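In what follows, a single structure is set out as structure tokens and then discussed.
The structure presented is a predicted model; accordingly, all values stated were derived computationally and were not measured. Note that these values count all heavy atoms, side chains included, but never hydrogens, waters or copies made by symmetry.
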Amino acid sequence: MRKPPPPSAFFTPAGLSDLSFLKLLAAMAGDVVSADSGEMPRYQRRNARCLVRRIRTLLVLIEFLIETKRPLPSSAVLCFKELYIVVHRTRILLEYCLQSSRLWLLLRNREISGYFQDLEREISTLLDVLPLSDFCLTADVREHVELLRRQVGSSRIYVDYEDEELWIQVLSFLEEFGKGRIPDVSDLKSTFTDRIGMMEARDFESEIEFLQNQIISQEGAVDTEADLATIGGVIAVVRYSRFSLFGAQEVKESNKRTTRRPPPLPVRDISALPKDFCCPISLELMRDPVVVPTGQTYDRHFITQWIAGGHRTCPNSGQNLGNAVLIPNRAIRNLISHWCAANGVASNSPATCSISASASTASKAAQEANRATISILVHHLSTGENASKATAARELRMLAKIGKENRAMIGAEEKAISFLNLLLRSPNPTAQENAVTALLNLSINDANKTRIITQPGCLRSIIRVLRFGLTPESKENAAATLFSLSSIQEYKKRVVEEPGGVEALVWLLKNGRLRGKRDAVVALFNLSTHPESWERMVGSGAVAALVGAVVEEDGVAEEAAGALALLARQPVVAGMVGWEERAVAGLAGVMRVGSERGRENAAAALHEICRRGGPEVAERVARVPGVARVVQTVAVEGTKRARRKAAELARLLQRREWRPMPLPAPASGWRGAGWRVETSGEMSPVAVPVAVL
């Protein structure tokens, strides 16, 4: 739904004298009038200039009243307060048109034209009730005002049908893709470059960014699934056109136009909507009017819902509907279509020539356009210059981010993952970051996980980026990629056994930024669910790093506690962690002040440490200050799982007979990769969602 305009659009300043208020009104009107000599919107230019001329004439009247300094009658004060609101809304509308993208203005051409018409009608109403005879106007001022009154009284909505035709041409490209045909490049150039004025690659990227922001915010006319799908389809066409016309040339950030979010539009005045055009059930404009046996007319959608709900009487007359045959009311439908065309109101009735694609058609066309774009991008990855490869990787990254269909299409494209793998070794930091992030986004698709894992050298390259990446973001996204790949059980072992992989995650957990620490700890958490991973975790220093994360409480203590809970199912790990007082104290601290999930993880970790570590370890845990108290607290106040774990832990701490430990816990040192201990069960995998970047 459209966001409402700011409160200042509906209220006038209070506590001002008549003269001060007129000066304030004149200043605002002057700002609007100055727009005529400055930048005007490429579209809606005629409507904008016409409305500015109306305000200029009113400014002449306001300045005359300021010069005379005569007191205003109360009726005139009310009129000028309403005029203040009209001028303010005019400024909002002009700013909206200036800050919106070209394609967005084409999409909303009729609706925005209606906004201009609304303001002209309000000016006409104000002039009809404004007591001009009380102002003692000079002849020339009166002549200007009377002329303005006649002009706005006879004005009609102006819709630029060349703009309408241009938007239909854009949608025709979408239709071509939907039919499996690729539009001719010369037609794309004629429409986007010659007619719409998108002269450079940066213009295309700015349009794409603006339209994507509209989908995200769902502002304005993006009220239906069809609208969203149409905009998504147009974005796909524009992206294909950008790379077809300009290749993968790099657009420098300094040269890229910044897209600003336009202010919300003023609310349309729909009070003039004819009642006969409204459905008696929904009170909304009818899209498909039908006549029921009682002679009443309703919108087909709402009367069908009424009948389906078990009602057998006419909502308006109360008469029996009988067999409830619905007959199209073509006369009303045609009248509604003409009224919508004359007033700039969008109509989706079957009789109206639709200028937006259906949701299913647009979605299919967008997929085909993206498929064609992907082919171009992969070609640039294979044969382009270094800058072109970086741009192609960035676009593949973005495409993989915005849709599961895109991820599947990129993965299925021959050698796409192979070329991204080669780009991981690029000396260009941006290219490397885009390549590893593209692989991260692609890895959300399970089939792509297999393609990445089986691509020769790809896993090794990802780990190399994790260790020696050129930017912190590259290292963090490489860690997130390992986490994503390890969500499949059979790939956990491959990731763990890849030389340097776990060690690189340990380094990131110790030295990375907060986001990097989180990426590293969730990857280690996922790898810990494999029953054969614990030896590598011990030998690589991962267990020590996880303990350090719990003790230091640097933002990932709760996740680290969860990983320790999994690893502590191995008696050796349980003994090592339980023997360290600082580790036990850190877990107790998480139980005391952590979130619900953190308290659960810490309680589970201490429970496994005492259960698997043996009597000596449990005794050491019990002697750590504060453990007993926090266990009792969680057993009473925690979540159901935390209470259960805390109660079991309390029983373990109170027992006097323990089963013997398989091996004594080491007094110092954490290098235990050579120990062999039988496991008592497999660890269950835990699924954690992967964010696309």
Side-chain angles (χ1 to χ4, degrees), residues 5 9 25-64 79-80 82-100 102 104-130 132 140-167 197 220 262-263 265-272 339-346:
L25 178 56
M28 182 181 295
D31 290 342
V32 172
V33 170
S34 64
D36 196 22
S37 58
E39 183 183 5
M40 293 294 288
R42 182 182 181 90
Y43 302 104
Q44 297 293 338
R45 183 169 298 180
R46 174 172 168 175
N47 282 329
R49 284 182 170 166
C50 184
L51 185 56
V52 169
R53 286 197 297 270
R54 313 297 195 214
I55 302 298
R56 180 183 289 110
T57 302
L58 291 171
L59 181 58
V60 172
L61 171 62
I62 297 168
E63 290 175 341
F64 173 84
C79 287
F80 282 116
E82 290 297 322
L83 181 60
Y84 178 93
I85 296 174
V86 170
V87 174
H88 189 78
R89 291 174 59 191
T90 299
R91 188 168 64 175
I92 291 175
L93 183 56
L94 293 176
E95 185 180 355
Y96 182 92
C97 292
L98 279 173
Q99 295 184 9
S100 295
R102 301 170 177 88
W104 183 252
L105 291 177
L106 288 176
L107 167 65
R108 304 191 63 187
N109 184 32
R110 284 180 173 270
E111 185 177 358
I112 295 174
S113 297
Y115 283 116
F116 281 102
Q117 177 66 12
D118 287 344
L119 292 172
E120 294 227 357
R121 285 175 177 169
E122 292 187 30
I123 292 174
S124 176
T125 301
L126 288 174
L127 290 176
D128 286 341
V129 298
L130 189 65
L132 296 177
D140 58 336
V141 174
R142 178 176 292 277
E143 182 180 354
H144 278 86
V145 176
E146 291 293 345
L147 177 61
L148 175 61
R149 176 184 288 174
R150 291 194 297 270
Q151 289 174 340
V152 294
S154 61
S155 66
R156 297 290 182 269
I157 188 170
Y158 173 75
V159 178
D160 192 328
Y161 288 99
E162 289 188 6
D163 293 348
E164 292 280 276
E165 188 274 332
L166 190 54
W167 178 247
L265 282 175
V267 177
R268 287 293 310 277
D269 178 13
I270 59 172
S271 59
W339 184 88
C340 288
N343 290 273
V345 177

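Among all heavy-atom pairs drawn from A26 and L59, the shortest one is O-CD1, 3.6 Å. Across Q44 and S113, no two heavy atoms sit closer than the pair NE2-OG, 3.0 Å. When every heavy atom of V129 is checked against every heavy atom of C79, the shortest pair comes out as CG2-SG, 3.6 Å. In plain terms, the two heavy atoms of T90 and L51 that are nearest each other are CG2-CD2, 3.5 Å.
For the atom pair CG (L147) and OG1 (T57), the distance works out to 7.5 Å, reported to the nearest 0.5 Å. Distance check, rounded to the nearest 0.5 Å: CE of M28 to CD1 of I85 gives 10.0 Å. To the nearest 0.5 Å, the span separating CG on L105 from CZ on R45 amounts to 11.5 Å.
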Working for side-chain contact (heavy atoms from CB on, under 4.5 Å), residues F80 and L83: CA-CA 5 Å; F80 282 116; L83 181 60; 3.9 Å; yes
Evaluate N109 against W167 for side-chain contact (heavy atoms from CB on, under 4.5 Å), listing each step before the verdict. CA-CA 9 Å; N109 184 32; W167 178 247; over 6 Å; no
Evaluate the side-chain contact (heavy atoms from CB on, under 4.5 Å) criterion for residues L61 and L130: first the C-alpha distance (whole Å), next the side-chain angles of each, then the deciding distance (0.1 Å), finally the verdict. CA-CA 12 Å; L61 171 62; L130 189 65; 3.8 Å; yes
Go through I112 and Y43 one step at a time and tell me if the side-chain contact (heavy atoms from CB on, under 4.5 Å) criterion holds. CA-CA 10 Å; I112 295 174; Y43 302 104; over 6 Å; no
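In R46, the CZ atom is not crowded: 12 or fewer heavy atoms of neighbouring residues, nucleotides or ligands sit closer than 6.0 Å.
Taking 4.5 Å as the limit, some side-chain heavy atom of R121 sits within range of a side-chain heavy atom of D118. Put simply, the side chain of R108 reaches to within 4.5 Å of the side chain of Y96, judged on heavy atoms. Side-chain atoms of H144 and F64, non-hydrogen and from C-beta on, never get closer than 4.5 Å to each other.
Residues forming a side chain to side chain donor-acceptor pair (under 3.5 Å) with R54 (at least two apart in sequence, or on another chain): E120, Q151. The side chain to side chain donor-acceptor pair (under 3.5 Å) check on E63 picks up nothing, with sequence neighbours excluded. Not counting sequence neighbours, D160 has no partner by the side chain to side chain donor-acceptor pair (under 3.5 Å) test. Residues meeting the salt bridge (charged side-chain N to carboxylate O under 4.0 Å, His left out) test with D31, sequence neighbours left out: R91. Residues satisfying the side chain to side chain contact (heavy atoms under 4.5 Å, CB included) criterion with A48, sequence neighbours excluded, are M40, P41, L94, F116. Under the side chain to side chain contact (heavy atoms under 4.5 Å, CB included) criterion, E146 pairs with L132, R142, R149, R150, sequence neighbours left out.
Formation of a donor-acceptor pair under 3.5 Å by the N47 side chain with backbone atoms of Y158 is found in this model.
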